[in-house]
Amino acid sequence: MRPLDEKETTAVFEKLFKFTGPNLKHIVERPATEGPDEAPGRYCFRLHKNRVYYASESIIRRATNISRDRLVSIGTCIGKYTNSGVFRLTIQSLDLLAAHARHKVWLKPTAELSFLYGNAVLKGGLARITDNTHAGDGVVVYSMADVPLGFGVAARSTQDCRKADANAIVVNHQADVGEYLRNEEEL
């Protein structure tokens with residue numbers, strides 16, 4: 001387990017900024033609330049076995065007593081680096097993204113299951129979308145009960161969604177909570 005270098009930090013922050021925008025500073029400067037110490041410090045990012053973890057400094061200090069080959073996980077795994085060196089957010093980062101999301105999409109109950117199976121969001125299944133969403137922006141997908149279901153990338157802007165056909169793709173799927181069942185071995 002080691003701190004992220006400058007290149008890795010840039011890749012992680014660019015991906016998080018795509019979903020959170022200026023709210024990224026709240027993630028970085030957030031005071032820690034967990035850990036055995038009275039003052040656990042702040043949350044920070046660490047790399048371990050091509051996975052990026054978000055954990056309090058207090059827990060990270062205690063984890064240094066565990067050898068690298070025996071350490072399985074620490075804190076919240078927010079993403080991983082692929083074999084080609086590209087950083088990808090994983091479904092475990094959904095709670096962090098949902099709390100600080102800039103753009104949101106709400107699905108009709110009939111479209112929730114389709115999204116949870118890994119399909120893109122169609123205009124016919126879209127209930128609401130935040131204003132000023134542009135194509136290519138990261139969005140967090142919610143149910144009508146405000147339960148975060150996953151996240152993806154907007155394929156159309158808010159204005160284009162209003163004029164789009166019912167079968168037009170509005171959000172391209174990236175991750176959803178159904179991955180906990182589909183990809184148990186990898187998580």
Within 45 degrees of the axis of the six-membered ring of Y117 and under 6.0 Å from its centre: does R182 put its NZ or CZ there?
->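 Here R182 fails the 6.0 Å and 45° test against Y117.
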Side chains of S84 and T82, donor plus acceptor under 3.5 Å |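 A pair is found: one side chain offers a donor N or O, the other an acceptor, under 3.5 Å apart.
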Between the side chains of T133 and H103, does any donor sit under 3.5 Å from an acceptor?
->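 Their side chains do contain a donor-acceptor pair, which is all the 3.5 Å distance test asks for.
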Shared hydrophobic cluster, [X] / [Y] (ILVMFWY, side-chain heavy atoms < 4.5 Å):
X: V139; Y: V153; result: no
X: L113; Y: V177; result: no
X: I129; Y: F151; result: yes

Look at the rings of F87 and Y81 and say which category their plane angle falls in: under 30° parallel, 30 to 60° tilted, over 60° perpendicular.
->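 Tilted: the ring planes of F87 and Y81 meet at 30° to 60°.
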For the pair Y54 and Y43, name the ring-plane relationship: parallel under 30°, tilted 30 to 60°, perpendicular over 60°.
->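 Judged by the thresholds at 30° and 60°, the geometry between Y54 and Y43 is parallel.
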Would T9 and F45 satisfy side-chain contact (heavy atoms from CB on, under 4.5 Å), going step by step from the backbone distance to the final call?
-> CA-CA 8 Å; T9 303; F45 297 94; over 6 Å; no
[Y] side chain reached by [X] side chain, heavy atoms, under 4.5 Å:
X: I91; Y: Y180; value: yes
X: R46; Y: I60; value: yes
X: Y142; Y: L149; value: no
X: R42; Y: E29; value: yes

Gap between atom [atom2] of [Y] and atom [atom1] of [X] - 0.5 Å precision:
X: D95; Y: I78; atom1: CG; atom2: CD1; value: 12.5 Å
X: K15; Y: L97; atom1: NZ; atom2: CG; value: 11.0 Å
X: E8; Y: N50; atom1: CD; atom2: CG; value: 9.0 Å
X: I59; Y: T64; atom1: CD1; atom2: OG1; value: 12.5 Å
X: Y53; Y: S93; atom1: OH; atom2: OG; value: 13.0 Å
X: I169; Y: C161; atom1: CD1; atom2: SG; value: 11.5 Å

For the residue pair [X] and [Y], what are the closest heavy atoms and their distance?
X: L96; Y: R30; result: CD1-NH1, 3.7 Å
X: G79; Y: T90; result: N-OG1, 3.6 Å
X: R128; Y: D146; result: NH2-OD1, 4.3 Å
X: L107; Y: M144; result: O-CG, 3.2 Å
X: H134; Y: D137; result: N-OD2, 2.9 Å
X: I66; Y: L71; result: CG2-N, 4.0 Å

Heavy atoms of other groups near K49 NZ, more than 12 under 6.0 Å |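 Yes, enclosed.
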T158 side chain to T130 backbone, donor-acceptor under 3.5 Å |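 Yes: the side chain of T158 pairs with the backbone of T130.
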Checking side-chain contact (heavy atoms from CB on, under 4.5 Å) for the pair L4/V12: CA distance, chi angles, key distance, verdict?
-> CA-CA 9 Å; L4 302 173; V12 171; 4.1 Å; yes
Could you go step by step and tell me if F19 and L89 meet the side-chain contact (heavy atoms from CB on, under 4.5 Å) rule?
-> CA-CA 10 Å; F19 288 91; L89 289 172; 3.6 Å; yes
Verdict with reasoning, K108 to L126, per side-chain contact (heavy atoms from CB on, under 4.5 Å) | CA-CA 6 Å; K108 293 178 182 175; L126 186 67; over 6 Å; no
Salt bridge check: are D131 and R102 linked by an N-O gap of less than 4.0 Å?
->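 Looking at R102 together with D131, the answer is no, because their closest N to O distance does not fall below 4.0 Å.
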